[in-house]
Every structure is written in structure tokens, then in C-alpha cells.
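I have placed the structure first, in the form of C-alpha cells, so that the comments after it can refer back to it.
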Amino acid sequence: MPTTTRSDRPDGPTIQYETFGDATNPTLLLVNGLGSQLINWEPAFCARFVERGLRVVVFDNRDVGLTSKTAGPTPDAAALMRRFRHGDPPSAGDVPYTLADMAEDGFAVLDAVGAERAHIAGMSMGGMIVQRMAINRPERVVSLTSIMSTTGANGVGKATPEAAASLVEPAPHDRDEYIEYTVRTRALTGGSYNADAYWREQAGRVYDRMFHPGGEAFQIAAVASDGDRTEELRTLSVPSLVIHGRLDPLLALSGGEATAAAIPGADLLVIDEMGHDLPPEIWDDVVGAMTRLMEGTNA
């Protein structure tokens, strides 16, 4: 069973996190994507790493789940993304917090669980966060896995118009309508293994745990403010793996290819039937590739 606790980061949010496995084992920190709560890392997925001798740590990013929420007006996410796509990312002064702040939240969680160094992996926005973690504090990173993410460079990882629209579509507040909205969105952005029943059940759990749709706008602002990480990624010497779906309509495969090309020595795993999702049908491929990377570090 996971243990649940909170990290009070000085001058930052109070962060909700959970751990799986023996505290004496090497740590794997899993970082969520946009609007995603820690329960979106399925316990059965985490258990596969625990079985391989790791301690798994998951947490709610700022403005989702049970981590603290940002006060003040909600950013205009659509406007910020338009600026970003036109090569004009907002500055740190334009947004309540940055991707670098979210990366520091990840390190605060590692501090709370007593992990000086850790394997780090993130999906989508979480991939961007772990890239920023490795860039800013590489001495604390044993290995890096970036899943269905991108470098922040214009011209790569572009969404289809339909997928881009779904990113900023307001979520309905009614529970049943929210569940149907989630199923519809997953059908649009997922790959070949979409299962309405799976996403419907997950959406219900997410809604019941914490419904706070306004938080996504703050996170989008943080992503847009980080700009292009390509040149910084070229400086990394951290063992790295990039995983991407060939069918991803939200962050196109070119984003993963650009990430792998930028990080020296990074491996790229392309999963043909994968979209912008992590369904159980691809867990064997994902866990297997990540395990090979982590075992190769001898840490």
C-alpha cells in the first residue's frame, strides 16, 4: 500500500505526494502532465517498478489534486499559447509561476522523502518538468525519461487543430458531463487502445478526489514561459530515454524526436499504437524500456 503525506516547501506550495515500495530502494519520481493528478499514475503501473526493486514517488503538481492552489486571476491560457506558438513566450513576470518553479517542487518532494538523487520520469507537461529538473540540477538526477513530450521549440510537437482546441476547452462542472467530456477528449487524443470504460472510471475518480479545472490555465502559463529548451538539453550528460507515440495528435512525434536528438546519447522508443495516453496495453513496452535505462546506470 502507498504511504501518503504532504511536503511544506518553503515559499512554495504544500505538495501532496505518495510513495510505493521500500524507502531504502533507489527512487523513481513520476511527474504528471497538464491537469493530471497523482492518481493518474495507476497503482498497478507503479507496482511494476516496485517489483523491480524501486521506490516510486508520485505527487500532485501545483493547482491540481490536493496540492495547494494559486490565488488570483486565472491566466488567459489560449492567449498565452498563441503568443508561444508565434515565438513570443511570456516572461517570468507575466505568469504566476514558471516551469522552473514546478521543477523545484519535484526536488522538494525528493527532499521530503530523503532522496538526494533519483531517477525522474514525466509525461507530457511532466516530461517538460523533468527536462527542466535535469537541466537545472543534473547532480540530483540519475536518469531521465521524457514521455510524450517536447523541447518547447516552435515547429516540433505541434498539435492537430482539434487536439489543440481540446486543450483549452473549458471542462464542465457537472460530474456526469465532466466524465463524458473526458471520454470524448481521450478519444480525440488517444491512440489505438482507447477504452471508454477505462477512461470513464478514471475520470470519476479524478472528479471525486478534486475538481479544480482552473488550475490547468496556470500550468499552461508555466509551460509557455519556459520557451525552447533545445540548447540547454544539448548540455546534458544524464542517461536519458524518450518515449513517444506515433499516433500522438496533441504533441506530435516530432516533439519526441527533437527531444531525443537534443539530449546526447538519448534513446528513442516510438510505440506505433500509442497516442497521447498511457493505457495498460503499452505498459510492458514502457516499463521494460525504463527498467533497462535505470539498470544501466548502476545506481
Side-chain angles (χ1 to χ4, degrees), residues 1-43 45-50 52-70 96-147 149 206 209-210 212 215-216 218-219 222-223 226 238 240 278 290 293-294 297 299:
M1 292 292 292
T3 57
T4 304
T5 189
R6 297 169 74 87
S7 165
D8 290 317
R9 176 185 161 188
D11 303 318
T14 299
I15 304 168
Q16 182 77 16
Y17 67 88
E18 293 187 1
T19 65
F20 300 80
D22 191 325
T24 63
N25 288 340
T27 298
L28 168 62
L29 181 74
L30 298 177
V31 185
N32 293 83
L34 181 72
S36 177
Q37 300 185 37
L38 63 83
I39 59 173
N40 292 112
W41 293 107
E42 295 281 356
F45 179 80
C46 297
R48 296 194 179 202
F49 294 107
V50 173
R52 289 162 171 79
L54 293 161
R55 172 178 59 164
V56 177
V57 181
V58 297
F59 68 100
D60 289 325
N61 286 311
R62 298 180 182 212
D63 288 306
V64 298
L66 304 183
T67 288
S68 12
K69 312 300 185 293
T70 304
Y97 55 84
T98 66
L99 204 71
D101 292 321
M102 300 185 79
E104 284 303 308
D105 294 342
F107 287 121
V109 171
L110 291 179
D111 290 341
V113 301
E116 180 61 31
R117 302 180 73 230
H119 303 281
I120 60 175
M123 57 181 175
S124 195
M125 180 189 72
M128 304 172 198
I129 292 171
V130 296
Q131 291 172 29
R132 177 53 60 195
M133 290 177 72
I135 290 166
N136 288 6
R137 301 175 74 174
E139 73 281 359
R140 298 199 62 179
V141 178
V142 181
S143 73
L144 163 68
T145 301
S146 178
I147 305 169
S149 195
V206 166
R209 183 171 182 264
M210 173 57 68
H212 184 65
E216 292 190 11
F218 289 100
Q219 295 182 348
V223 168
D226 205 52
V238 175
S240 300
L278 196 65
M290 290 177 62
L293 172 73
M294 291 184 286
T297 64

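Values in this document were obtained by computation on a predicted structure and should not be read as measured data. All values below were derived from every heavy atom in this structure, side-chain atoms included, with hydrogens, water molecules and symmetry-related copies excluded.
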Can you tell me how far apart [atom1] ([X]) and [atom2] ([Y]) are? Round to the nearest 0.5 Å.
X	Y	atom1	atom2	value
Glu104	Asn136	CD	CG	7.0 Å
Leu66	Glu18	CG	CD	9.0 Å
Leu29	Arg117	CG	CZ	14.0 Å
Leu293	Thr145	CG	OG1	5.0 Å
Ile129	Asp226	CD1	CG	9.5 Å
Leu110	Glu116	CG	CD	9.0 Å

- Task: For the pair Phe45 and Phe49, name the ring-plane relationship: parallel under 30°, tilted 30 to 60°, perpendicular over 60°.
- Result: perpendicular
- Item | Arg140/Asp111 under side-chain contact (heavy atoms from CB on, under 4.5 Å): CA gap, chis, key distance, verdict | CA-CA 11 Å; Arg140 298 199 62 179; Asp111 290 341; 2.9 Å; yes
Minimum heavy-atom separation for [X] and [Y], please, with both atom names.
X	Y	answer
Pro26	Gly53	CD-O, 3.5 Å
Gln219	Gly33	OE1-O, 4.3 Å
Cys46	Val56	O-CG2, 3.7 Å
Met290	Ala121	CE-CB, 3.6 Å
Val64	Gly35	CG1-CA, 3.6 Å
Leu38	Gln16	CD2-O, 3.7 Å

Tell me whether [X] contacts the main-chain N or O of [Y] through its side chain, where contact means a donor paired with an acceptor under 3.5 Å.
X	Y	value
Thr297	Met294	yes
Ser240	Val238	yes
Thr27	Ala118	no
Asn61	Asn32	yes
Asp101	Thr98	yes
Thr14	Ser68	no

Test side chain to side chain donor-acceptor pair (under 3.5 Å) applied to [X] - qualifying residues, sequence neighbours left out:
X	answer
Asp63	Thr70, Tyr97
Ser143	His119
Ser146	Gln131
Gln37	Arg209

- Task: Run the numbers on Tyr17 and Thr67 for side-chain contact (heavy atoms from CB on, under 4.5 Å), then give the verdict.
- Result: CA-CA 8 Å; Tyr17 67 88; Thr67 288; over 6 Å; no
- Message: For Lys69 and Phe218: C-alpha separation, side-chain torsions, deciding distance, then whether side-chain contact (heavy atoms from CB on, under 4.5 Å) applies.
- Response: CA-CA 10 Å; Lys69 312 300 185 293; Phe218 289 100; over 6 Å; no
- Message: According to salt bridge (Lys or Arg N to Asp or Glu O under 4.0 Å), who are the partners of Arg55, at least two apart in sequence or on a separate chain?
- Response: none
- Not counting sequence neighbours, which residues clear salt bridge (Lys or Arg N to Asp or Glu O under 4.0 Å) with Arg52? List them please. none
- Qualifying residue, where the test is side-chain hydrogen bond (donor to acceptor under 3.5 Å, both in side chains) with Asp22 and the options are Thr19, Thr24, Asn25: Thr24
- Within 45° of the ring axis of Phe107 and under 6.0 Å from its six-membered ring centre, is that where the NZ or CZ of Arg137 lies? yes
- Task: Using a 4.5 Å cut-off on heavy atoms from C-beta on, say whether the side chain of Ile120 contacts that of Val31.
- Result: no
